[in-house]
Structure formats: C-alpha cells, structure tokens
Amino acid sequence: MQAKREINHIEMASSSILTGQYVHIKQTPASIGERILAQIIDWVAQAVYSFGLTYLYVSYLDDLLRFSTALQVIFVFGVILLPTLFYGFLCELFANGQTLGKRIMKIRVVKTDGSSPGIGAYLMRWMFMIIDGPAMSGLGVLIMIFNKDNRRIGDLAAGTLVIKLGGYQKLQVTLDEFAPFSRNYRPVYPNAENLSLEQVSLIEQTLRLNEADPRVHALAEQVKRTLSIDHVHESDDSAFLWRVKRDYQYYALEEI
C-alpha cells in the first residue's frame, strides 16, 4: 500500500531531469526573448491564414456559397475563425509541443519532469493565454521575469516548461552502474516511457528488496494498472519491474 501511495503522489518542479538513475540532464529553459519572437511569428502566421482565407472567401467563394447559409457558416467559423482561435492549442497538441514560431525558434513545450504534456496541459496553457497575452498588458511576460525557468502563468498552471531543443546545460553518465543496450534491443512495454522519474526511482528501490517482499508484488500490480498492461511476458514480479525500468531507460536515452 505504501508503494501504491508513493507512485500516485509524485511531483517535480525543476528543469533538471534524471533519466533512470544513469543519465542526468539539465535542460535549458527558452529565454523570454525567444518566446516573444516565437509568439510574434505565430501571430503573423495566424494573421496570414485568416486574412488570406477571408480574401479568398470574399473574392471567389461568396458567389458559390451564397445559396447555402449552412456552407457559409461552416466556412467562416469552421475553416477561418476556429482554426485561428485554437491555433496554439492544436499546433502544440499535434506537433509535439511546437507551433510554427516555436519550431523556427527551436523551442518546445514539455512537462517539468521532461515528459510530453497531455491534452489537458496543452488546453490549460491555451486557456491562460488570454491572461498572459496582450489582453492583460502582457502579464505573462512580467511573470516570466520573476521565475527562474521563464514560465508564464499558463505554464505554472499546466505544469509545463518551454525549453531549447538540444539545449542541455549538463550531461552526466554514471558508467559504474550503466549496462549498455545491445544493438538489437527491443522494448517490450512502450508505455514505460510515460513513467515519471520518481516512479522509476521507486521501481529501482523496490528491486533492491527481496523478491518475496509483498511490496514487490504490490508495486508490480500498480505499475500494470498505471501503464494499462494486460499481458506480462515475465515469469515473476521482479523480472517484470526490471523490464519496465529497462524499457523506460531505452526511451529516455533515445531522446538524447
């Protein structure tokens, strides 16, 4: 039960990331200037899209659609207004945390533990843009100035961080405990990459216990539920936990 409580109550608020127990990475938060430039590029892209389609509609499509009010509404709202309004949310959701501006500036949105945000986090960031943006005199920029990771209110609410791609301040590999992957290694549980760093650390601590310890079985069952694993390939709980940890490290190292 203790293992279950620990794996369900985990938080981390730092740009310093521990990959498994072997690789330590400190990612560089994007600067305020980079984020502002990315936002300006996004505004320009939204303007070009909306004005371009509006011109197309007025110049060429109005006559074609005039006999169908429903088609006019679908085009104006579904093709012009909604994509423009939800631009930031949709881009970050489907482009791995990047909008056009962020891609050009080589920055992206991640969770504070280094993992990819979910739909809820992206939606939260988008909803808070009305407070962070020009409508509130750029309150988000002011907030970024006063926190070390340059996070706006939407980031703080969503638990996200905007980082520079490949901007690692520190990379350290501890070779005394590092077992290299063979060239043909194939992960068994793809969902292992969704574990948080503290959950992997808890698995490692549990693996140091005797295999007969009931906490090993309790944690193995909790991991199966957390990762939605219905079929286990290993013959015992310790082997299963070891494989999950190994798969997590495989995906974590793949990102470097």
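No hydrogens, no waters, no symmetry mates; every other heavy atom, side chains included, goes into these values.
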Under 4.5 Å between side-chain heavy atoms, counting indirect links through other Ile/Leu/Val/Met/Phe/Trp/Tyr residues: same cluster for [X] and [Y] or not?
X      : Y      : result
Leu100 : Ile36  : no
Tyr248 : Leu207 : yes
Ile153 : Leu123 : no
Tyr87  : Val109 : yes
Met105 : Leu165 : no

Listed once per pair and sorted, the ring pair (Phe, Tyr, Trp, His ring centres under 6.0 Å) pairs that draw on residues 207-233, sequence neighbours left out: Tyr189-His233, His231-His233
Going by ring pair (Phe, Tyr, Trp, His ring centres under 6.0 Å), name the pairs with one or both residues in residues 33-55, residues two or more places apart or in two chains. none
Min side-chain heavy-atom separation [X]-[Y] under 4.5 Å:
X      : Y      : value
Asp237 : Lys224 : yes
Leu156 : Phe128 : no
Thr54  : Ile80  : yes
Ile145 : Ile32  : yes
Tyr122 : Leu90  : no
Ile130 : Met136 : no
Phe240 : Val223 : yes

Quick one: closest heavy-atom pair of [X] and [Y], and the distance?
X      : Y      : answer
Tyr251 : Pro187 : OH-CG, 3.2 Å
Val79  : Pro83  : O-CG, 3.4 Å
Ala220 : Leu241 : CA-CD2, 3.8 Å
Leu85  : Trp126 : O-NE1, 3.0 Å
Gln98  : Ile107 : NE2-O, 3.0 Å
Ala30  : Asn150 : O-ND2, 2.9 Å

With a 3.5 Å distance limit and no angle check, can you tell me whether [X] reaches the backbone of [Y] through a side-chain donor-acceptor pair?
X      : Y      : value
Asp132 : Gly154 : yes
Asp149 : Arg151 : no
Arg152 : Arg125 : yes
Arg108 : Arg103 : no

Going through the checks in order, is the side chain to side chain contact (heavy atoms under 4.5 Å, CB included) test met by Leu195 and Val244? CA-CA 9 Å; Leu195 289 170; Val244 168; 3.6 Å; yes
Supply the atom-to-atom distance [X] [atom1] to [Y] [atom2], rounded to the nearest 0.5 angstrom.
X      : Y      : atom1 : atom2 : value
Ile41  : Gln46  : CD1   : CD    : 12.5 Å
Leu202 : Leu219 : CG    : CG    : 5.0 Å
Leu139 : Ile131 : CG    : CD1   : 7.5 Å
Gln199 : Asn194 : CD    : CG    : 9.5 Å
Lys106 : Ile163 : NZ    : CD1   : 14.0 Å
Leu93  : Ser116 : CG    : OG    : 11.0 Å

Under the salt bridge (Lys or Arg N to Asp or Glu O under 4.0 Å) rule, collect the residues that match up with [X], sequence neighbours excluded.
X      : result
Glu211 : none
Asp213 : Arg215
Asp42  : none
Arg243 : Glu234

Does a side-chain N-to-carboxylate-O contact under 4.0 Å join Asp155 and Arg35? yes
Run the numbers on Glu92 and Thr99 for side chain to side chain contact (heavy atoms under 4.5 Å, CB included), then give the verdict. CA-CA 6 Å; Glu92 290 180 355; Thr99 59; 3.9 Å; yes
Going by atom types only, do Arg225 and Gln222 share a side-chain donor-acceptor pair under 3.5 Å? yes
